[in-house]
Amino acid sequence: TFEPAHRIAGFKPYFFASLAQKLAQLKAQGMDIIRIDMGSPDLPPTDEIVNTLVDSARRVDTHGYTPNGGTTDFRQAVAAYYQQRFNVTLNPQTETLALIGSKEGLFNLSQVILNPGDLTLVPDPGYPVYKAGSEIAGAEVYLFPLLKENGFLPDLKSIPAEVADRAKILWLNYPNNPTGAIAPMRFFEEAVEFAHRHHILIAHDAPYVDICFDGYRAPSILEVPGAKDVTIEFNSLSKTYNMAGWRLGMAVGNAQVVKYLHTYKSQMDTSHFAPVFDAGIKALTGDQSWLDERNQIYQQRRDIVLTGLREAGLQVDTPPAAIYVWAHLPEGEKDSIAFCNRMLEETGVSTTPGIVYGEFGEGYLRVSLGTATHRIQEAMQRVVAWRKSKA
Ligand code: PMP
């Protein structure tokens with residue numbers, strides 16, 4: 001027998017890895033499953049982006065290794081995108097880095113910054129990788145709650161000074177998964193000031209920054225003057241350009257931290273397929289107007305979900321951004337895993353239990369908008385009928 005290393009012995013498979021097994025069983029029993037659980041966009045990137053990949057792959061000189069951390073052209077495209085989209089100036093060589101999806105960088109940031117016994121500040125509910133990466137690094141995690149009454153923003157003042165002084169990383173994520181909440185600029189300003197005061201690195205995870213509704217436009221935290229001194233921002237082509245399976249993301253901001261990640265990655269991975277970079281450049285620097293039309297589709301789905309869930313007795317606020325609806329379970333329902341399991345088994349509709357994102361996610365479930373509109377419509381009809389049949 002082989003024992004796992006101590007640092008991974010306590011780990012369970014990622015929630016969506018275990019869910020897949022359960023869904024396969026139900027499917028085998030003939031159930032028509034509608035997945036509105038995972039945040040994987042169903043729509044494709046534009047033809048222009050896909051054609052760039054194909055044309056590049058047909059060349060004879062695009063099949064070797066590419067530079068670790070991204071080609072010069074890709075890193076320039078990332079800088080050009082930040083300039084155009086946020087009016088943030090980045091040095092492509094020192095302040096940008098290509099990632100194998102932002103998840104890779106989020107996980108590895110903890111490995112390059114944290115020593116065993118160090119402390120990190122992690123939101124609850126939150127994307128599970130912040131906590132998992134910290135724990136693998138042997139760090140201690142201080143969870144701070146994201147509460148509905150605070151608009152799912154952290155109350156930085158409530159973090160004790162001795163905790164803040166010990167902490168090395170503050171994790172933030174706006175537009176937020178799973179709550180769909182957004183951060184106003186004044187919150188980012190407060191966070192940057194907090195980070196300066198306590199000498200903390202802000203890790204801002206911003207993959208939903210280009211999925212906004214009702215005319216809202218999400219900022220980058222790097223727009224705050226002085227942010228670069230204390231901030232690394234993670235971004236991704238996964239959601240912005242419907243390229244989740246392509247595994248292309250980026251870390252931008254503080255040059256020292258970019259360098260640590262780059263050095264670490266140079267020992268660990270060997271970058272991307274050149275056509276993926278070429279298509280990524282096209283996505284970042286080409287026509288952006290299609291994103292508005294795509295966001296209209298998400299907005300329409302969001303509204304279908306809001307109407308459906310409310311009719312089914314769940315309490316939901318209207319999310320201004322991201323691809324999720326965060327819904328409070330109906331009166332009397334407390335256990336999100338039990339509720340989502342029952343819904344799945346009795347209707348075939350698969351949602352994500354809030355507890356997956358932390359203790360403060362208990363009592364909620366998350367619906368993803370990355371599924372065909374007519375299927376979302378059908379999912380809502382089933383859920384409403386199911387709830388009414390129990391009433
Ligand atoms: N951060 C958040 C908040 C996410 O929801 C996701 C994907 N669900 C990621 C990061 C990772 O995205 P990717 O690795 O595809 O860039």
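By convention here, the first residue in the shown sequence is residue 1. Just follow the structure's listing: the first ligand is 1, and inside any ligand the first atom is 1.
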Exceeds 12 heavy-atom contacts within 6.0 angstrom, atom [atom1] of [X]:
{"X": "Q315", "atom1": "CD", "value": "no"}
{"X": "K259", "atom1": "NZ", "value": "no"}
{"X": "H196", "atom1": "NE2", "value": "yes"}

Can you report which non-hydrogen protein atom sits closest to [atom], along with the distance?
{"atom": "atom 12 (O) of ligand 1", "result": "S102 OG, 3.3 Å"}
{"atom": "atom 15 (O) of ligand 1", "result": "S238 OG, 2.6 Å"}
{"atom": "atom 3 (C) of ligand 1", "result": "D205 OD2, 3.2 Å"}

> Who gets closest to atom 7 (C) of ligand 1 by heavy atom: K103, R247, K239?
Replying inline: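 Answer by nearest heavy atom: K239.
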>> Please compare Y357, Y208, Y324, Y127 and report which has the shortest non-hydrogen distance to atom 11 (C) of ligand 1.
In response: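 Among Y357, Y208, Y324, Y127, the closest heavy atom to atom 11 (C) of ligand 1 belongs to Y127.
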>> So if I count the atoms of ligand 1 from 1 in the order they appear, which ones are less than 4.0 Å from some heavy atom of S236?
In response: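 By the 4.0 Å cutoff, the relevant atoms are 13 (P), 16 (O).
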> Which ligand 1 atoms are under 4.0 Å away from a heavy-atom of G101?
Replying inline: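 Answer for ligand 1: 14 (O), 16 (O).
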> Does the salt bridge (charged side-chain N to carboxylate O under 4.0 Å, His left out) test come out yes or no for D278 and R59, once each step is laid out?
Replying inline: CA-CA 12 Å; D278 291 340; R59 285 168 45 171; 5.2 Å; no
> What residues, two or more places apart in sequence or in another chain, satisfy side-chain contact (heavy atoms from CB on, under 4.5 Å) together with A379?
Replying inline: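 Per chain and number, A379 pairs via side-chain contact (heavy atoms from CB on, under 4.5 Å) with I34, I36, V349.
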Polar contact flag for [X] and ligand 1 (N/O pairs, less than 3.5 Å):
{"X": "N177", "result": "yes"}
{"X": "N173", "result": "no"}
{"X": "Y130", "result": "no"}

> Step by step, would you call F339 with T351 a side-chain contact (heavy atoms from CB on, under 4.5 Å)?
Replying inline: CA-CA 10 Å; F339 185 82; T351 56; over 6 Å; no
>> For E95 versus A255, what's the shortest heavy-atom pair and its separation?
In response: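 Here E95 and A255 meet closest at CG-CB, 4.3 Å.
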>> How close do I33 and S350 get, counting heavy atoms only, and between which atoms?
In response: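 For I33 versus S350, the nearest heavy atoms are CG2-CB, 4.5 Å.
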> Does L106 approach ligand 1 within less than 4.0 angstrom via side chain, backbone, both or neither, non-hydrogen atoms only?
Replying inline: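 For L106, only side-chain atoms sit under 4.0 Å from ligand 1.
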> P207: heavy atom below 4.0 Å from ligand 1, yes or no?
Replying inline: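 Contact present.
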